[in-house]
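Below, chains carry the letters A, B, ... as their sequence lines are ordered, and counting in each starts from 1.
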Amino acid sequence: MLQTYNTYSLEQEEFQPLQAGQIKMYVCGPTVYNYIHLGNARSAIAFDTIRRYFEYVGYKVNYVSNFTDLGDKILAQGEKEGLTEEQVAQKYEAAFDEDTAQLNIKPATVRSKATEVMPEIVDYIKNLVDQGLAYESEGDVYFSAKKSPDYGHLSHQNFDELEENAAGRLDPVEAKRKQDPIDFALWKGEHREGVKAWPSPWGPGRPGWHIECSVMIQKYLGSEIDIHGGGIDLAFPHHTNEIAQSEGHNHERFVRYWMHNGFVNVNNEKMSKSLGNFTTVHDLLANGVDPQALRYLLGKTHYRRPINYSMDTLNQAQIELDRIRRAYQALTEVQASEKGEDLTIIGRLDEMETRFREAMDDDFNTENALTVVFELVNLVNQYSKEDKQQETVITALQKKMTDWLAIFGIVDLLGQDQLNETEQALFDQRAEARAAKDFAKSDQLRDQLADLGITVRDTSQGQKWERKQAY
RNA sequence: GGUGGUAUAGCCAAGCGGUAAGGCAUGGGUCUGCAACACCCUGAUCACCGGUUCGAUUCCGGUUACCACCUCCA
C-alpha cells in the first residue's frame, strides 16, 4: 500500500485518491523572471518522479502547474533587460520549457499562467468578499485570516504568534488598510505609470500572489484535490493562504495530501543571491554538464531531504550514472545464443520488482529503490559475462532497466555521443598500432585521447571509448 | 523566542527493538600486452547523557551541534 508523508498532519499516511485510479495533482511553478535555479529544478524533478511512479503503477495523473507571469520581480528584471513585463515572462517561460525538457521533466497536463485566469481571479475574490471573508480597503482587497478556522495549521504555527510577527514588519501603508496585520492581500490597486492593471469592482489592480493557485486549482481540478506540492518554504505563507482562500470559497477540504520538497544547498551553503551562489540550470548545461547526470543527482535523494550540490556530488552522480549506462550498453551488445528462458533470473527480477515498489511505496524512498537498481546493474553485468544468453532474458533485463530508470527521468542509456574527426583519427590509429602490437605507440595514443577526455578500453570486440565528464 | 527537521564508516546514504543495505572512494584478487571495464573479496557499534527492556542505532526524557520556516525565496 502506497504511503505518503503529509505536511499537514506531519505523518505518513496511506494514500487514497478521491477517485480510484486517478490523481489530481497541483505543483507550484516558478515566477518567470529569470532562468530556473537548482531549487526550481529540484522541485520540478521531485514531483515529476512522483508523478512518473504513480503512472508506472497504473494511475492516471492530472498534473497542473502554473507560471506566475506578473509581479514586481518581473518588472524589476524588465528594467534591467530593457524588456516589458510580458516580454520578460515570455522569455523565461520559453527558457523554463527548454531547461525542463533537457532535464526530461514531463510537461504538466495543464500549465496555466496567472494572466490567463484574470476574470476567474476577480470572480473568486468577489465571492470571498460577498461571503464576508475578505474586505476592500482603498482599492486593495484583503483576506481576513481570522475567519479561516485553523489558520496556520499547515506550518504548525500558533495564530497569535503569527499575528505578532506580522505586526512587526508591517509597512505603514498596509497597516492603515489592513484590519489585522496577519491579513493578506487578494488584490492590490495599481496606479503606477506604464504598469498594466486589470479591471475589477475595486478599481484597476493586480492579484495578490496566493490567489492564482487557488483559482487555477478550482478551474482545472475542482474544489478538492489529492496532492498539492511545492518547496517547503511555501508552506507558509503561500500554501497556508491558499487553504484559507479555497476552503473559504468552497467550504470543504482543499487538499488531501500536502507534499513539500527539501532545499538544494550549494557547497553546503544555502543558495541565495546574497551569497552569490545562485546556480541556474541554464548555466550548468551551457557549461557542458550532462543533463541526465544533473537530473540523476537531483532525483536520487529522497524528496524531503536537503541536497548538497557541489562539483563533488555532481561528479559522483555522473560516475554512478555511467556505471548504469555501461551495464545497459554491455547488455545491448550481447548476442543470444540459446533458446528458452532462465527462470532463476526471471524469478529474481520479480522479487526485485517487489522490493523496488516497496521502497517507492514508502513515501517515495528513492534511496532504497536505487539500491535495487544497483542490484539489477550487478545482475546485468554478471549475465552479460556468461557463456550463453537467451533472448527472452536479455529483453526482460533491458525492459526492467529502462522502466525503472525512466521513473527517475533517465532515458538516455546509450549515449548518442560521437567522436569528432581528430578524436576518431587518433582512435583509428590506435587500433592499427594495437593490431601491429606496437604497444608503445598505442599507449601513447591512449594517453593523448585521455587528455581529450576520452577513455579507451580494449575488449574482446575491439576498442571501446567513453567520454569522461569531469566537473 | 515559536515551529519543523537532521545527526550512522573518507564521502553520499538505508535501516528504526534482536548484534549495521547500497553506491562512490580505498586496499587485495581474477581478467588484460599494460590499462580500463566487469566480476569476487575488503571497512563503522550508529552525536552525547540518562531511562524503559532479556536486548536499543532503532522507544522515552534530557543535552549539544547543524539546517529550514515564522519577510512573494523552490
Discussion item. With the six-membered base ring of G22(B) as reference, does the ring of Phe374(A) sit under 5.5 Å away with planes under 30° apart?
Written reply: no
Worksheet item: With distance as the sole test, does Arg42(A) use its side chain to make a donor-acceptor pair with the main-chain N or O of Phe263(A) at under 3.5 Å?
Response: yes
Item to complete: Considering only atom C1', compute the distance from A20(B) to G28(B) and round it to an integer number of Å.
Response: 24 Å
Worksheet item: What residues, two or more places apart in sequence or in another chain, satisfy salt bridge (charged side-chain N to carboxylate O under 4.0 Å, His left out) together with Asp312(A)?
Response: none
Response to the item:
Walking RNA chain B from its 5' end, the first of Arg430(A) and Phe236(A) to be reached, judged by nearest nucleotide, is Arg430(A)
Worksheet entry | Residues that Phe47(A) engages under ring pair (Phe, Tyr, Trp, His ring centres under 6.0 Å), provided they are two or more places apart | none
Worksheet item: Of all residues at least two apart in sequence or in a different chain, which pass the side-chain contact (heavy atoms from CB on, under 4.5 Å) check with Gln3(A)?
Response: Gln12(A)
Fill in: Annotated protein contacts, base or backbone, on nucleotides 2-8 of chain B with a non-hydrogen cut-off under 4.0 Å, one of B, S, - each
BSS----
Worksheet entry | Results of salt bridge (charged side-chain N to carboxylate O under 4.0 Å, His left out) for Asp290(A) - residues two or more places apart only | Arg325(A)
Practice prompt. Please collect all ring pair (Phe, Tyr, Trp, His ring centres under 6.0 Å) contacts where either partner lies in residues 290-321 of chain A, sequence neighbours excluded, each pair once.
Written response: none
Discussion item. Using only modelled atom types and a 3.5 angstrom limit, is any donor from either the side chain of Asn368(A) or the base of G22(B) paired with an acceptor on the other?
Written reply: no
Practice prompt. Mind jotting down which residue pairs meet the ring pair (Phe, Tyr, Trp, His ring centres under 6.0 Å) criterion with at least one end in residues 164-185 of chain A? Sequence neighbours excluded, please.
Written response: Phe143(A)-Phe184(A), Phe184(A)-His210(A)
Discussion item. Near RNA chain B, counting only heavy atoms under 4.0 Å, which residues of residues 446-465 of chain A show up?
Written reply: Arg446(A), Thr455(A), Val456(A), Arg457(A), Asp458(A)
Fill in: Partner residues of Gln335(A) under the side-chain contact (heavy atoms from CB on, under 4.5 Å) criterion, sequence neighbours left out
none
Worksheet item: Hey, can you pull the residues of residues 310-319 of chain A with a non-hydrogen atom under 4.0 angstrom from RNA chain B?
Response: Gln316(A), Ile319(A)
Fill in: Sequence neighbours excluded, every pair satisfying salt bridge (charged side-chain N to carboxylate O under 4.0 Å, His left out) that has a member inside residues 364-380 of chain A
Arg355(A)-Glu375(A)
Worksheet item: Would you say C69(B) has OP1 or OP2 under 4.0 Å from some side-chain N or O of Lys270(A)?
Response: yes
Taking distance alone, no hydrogens or angles, what donor-acceptor pairs closer than 3.5 Å link side-chain atoms of residues 447-456 of chain A to residues at least two apart or in another chain?
unit_1, atom_1, unit_2, atom_2, d
Gln448(A), OE1, Gln444(A), NE2, 2.9

Discussion item. Can you identify which nucleotide, out of C34(B), C70(B), C37(B), has its nearest atom closest to the Asn165(A) side chain?
Written reply: C70(B)
Discussion item. If you compare every side-chain N and O of Asn365(A) against the phosphate oxygens of A14(B) (OP1, OP2), does one of them come in below 4.0 Å?
Written reply: no
